[in-house]
Amino acid sequence: MTTADNAPCLLVVDDDPAFNRVLVRALGQRGFDTYGATDGEGALELAHDHEPEFIVLDLNIGGESGLRLIRPLLEASPGVRILVLTGYASIATAVDAVKLGAIQYLAKPADVDSIIRALHAEGVVVDDRAPDVPMSVDRLEWEHIQRVLAEHDGNISATARALQMHRRTLQRKLARPPTTG
């Protein structure tokens with residue numbers, strides 16, 4: 001919903017309170033009427049109360065997949081444009097996010113200008129050309145882990161069991177995403 005001063009309403013959903021406050025403030029300074037939620041329940045409540053035009057949604061909310069919030073947020077605020085922002089970017093979660101109704105998917109760190117451009121973009125660009133250089137083994141492993149993690153709704157323990165990997169090993173791998181393709 002656009003407010004009386006014509007500022008579009010935007011909701012930031014990120015479980016890191018400091019990052020949430022910074023992003024809410026930065027987007028507010030760029031002309032949005034902003035609200036912040038650090039959990040799913042708060043996000044749905046704010047979406048019902050304010051019917052935002054835009055939502056910036058973290059992929060990991062309190063150890064659970066933020067993807068599970070996409071449909072309820074779309075129901076609470078029909079027509080909302082949802083951008084999934086994540087520190088754990090992967091092809092599998094990007095595809096899942098878009099299939100569920102998100103309009104864009106960005107990897108952290110993303111600057112405020114990139115976020116605003118993504119929120120206003122007219123559709124997701126999907127490049128289906130084969131890459132010039134094949135993915136590295138590290139990147140292939142990362143993509144596989146992300147796919148299995150998405151299948152288990154972001155649950156680290158369940159993902160570790162499915163991958164037959166120690167939970168701490170999985171956490172270490174998730175903390176170090178591959179740097180190149």
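- When the options Leu83, Leu69, Thr86 are evaluated for a side chain to side chain contact (heavy atoms under 4.5 Å, CB included) with Leu57, the one that passes is Leu69.
- For the pair Asp39 (side chain) and Ile61 (backbone), a donor-acceptor distance under 3.5 Å is absent.
- Taking both residues in full, the closest heavy atoms of Ala37 and Gly42 are given as CB-C, 3.7 Å, listed atom of the first, atom of the second, then distance.
- Of the possible donor and acceptor atoms, one in the side chain of Arg81 sits under 3.5 Å from a partner among the backbone N and O of Ala121.
- By the rule that hydrophobic residues join a cluster once side-chain heavy atoms approach within less than 4.5 Å of another member, Val112 and Val22 end up as members of separate clusters.
- For the atom pair Leu11 CG and Glu45 CD, the distance stands at 11.0 Å (nearest 0.5 Å).
- Shown here for Val84 and Ala97, the closest heavy-atom pair between the two residues is CG2-CB, 3.8 Å.
- The distance from the CG atom of Leu10 to the CG atom of Leu23 is 7.5 Å, given to the nearest 0.5 Å.
- Once rounded to the nearest 0.5 Å, the distance linking CG of Asp58 with OG1 of Thr38 reads 11.5 Å.
- Between the side chain of Ser77 and the main chain of Leu73, no donor-acceptor pair closer than 3.5 Å is present.
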Working note: Leu174 + Ile156, criterion side chain to side chain contact (heavy atoms under 4.5 Å, CB included); need CA distance, chi angles, decisive distance, verdict.
CA-CA 10 Å; Leu174 288 172; Ile156 301 288; 3.3 Å; yes

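- The salt bridge (charged side-chain N to carboxylate O under 4.0 Å, His left out) search around Glu64 returns Arg68, not counting sequence neighbours.
- Counting all heavy atoms, side chain and backbone alike, Glu51 lies closest to His48 at CG-O, 4.1 Å.
- Looking only at side-chain heavy atoms (C-beta outward), Phe19 and Leu85 come within less than 4.5 Å of each other.
- The stretch residues 110-120 participates, sequence neighbours left out, in these side-chain hydrogen bond (donor to acceptor under 3.5 Å, both in side chains) pairs: Arg30-Asp113, Asp111-Ser114, Ser114-Arg117.
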Go through the steps to decide whether Met165 and Lys173 satisfy the test side chain to side chain contact (heavy atoms under 4.5 Å, CB included), and finish with yes or no.
CA-CA 11 Å; Met165 180 184 295; Lys173 287 180 181 288; 4.0 Å; yes

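- Of all the heavy atoms in Leu44 and Pro72, the pair that sits closest is CD2-CB, 3.5 Å.
- The stretch residues 6-19 participates, sequence neighbours left out, in these salt bridge (Lys or Arg N to Asp or Glu O under 4.0 Å) pairs: Asp14-Lys108.
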May I have the step-by-step check of side chain to side chain contact (heavy atoms under 4.5 Å, CB included) for Leu27 and Ile116, ending in yes or no?
CA-CA 8 Å; Leu27 289 165; Ile116 292 170; 3.8 Å; yes

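- The heavy-atom pair separating Val13 from Ala43 by the smallest distance is CG2-CB, 3.6 Å.
- To the nearest 0.5 Å, the span separating CD on Glu75 from CD1 on Ile70 amounts to 12.5 Å.
- For the pair Asn155 and Ser157, the tightest heavy-atom approach, listed with the atom from each and the gap, is OD1-N, 3.0 Å.
- Relative orientation of the Tyr35 and His50 rings is parallel, given thresholds of 30° and 60° on the angle between their planes.
- A single hydrophobic cluster is seen to contain both Leu100 and Leu74, as judged by linkage of ILVMFWY side chains at heavy-atom distances under 4.5 Å, directly or through other members.
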Side chain to side chain contact (heavy atoms under 4.5 Å, CB included) assessment of Leu59 paired with Leu67
CA-CA 6 Å; Leu59 181 64; Leu67 297 180; 3.6 Å; yes

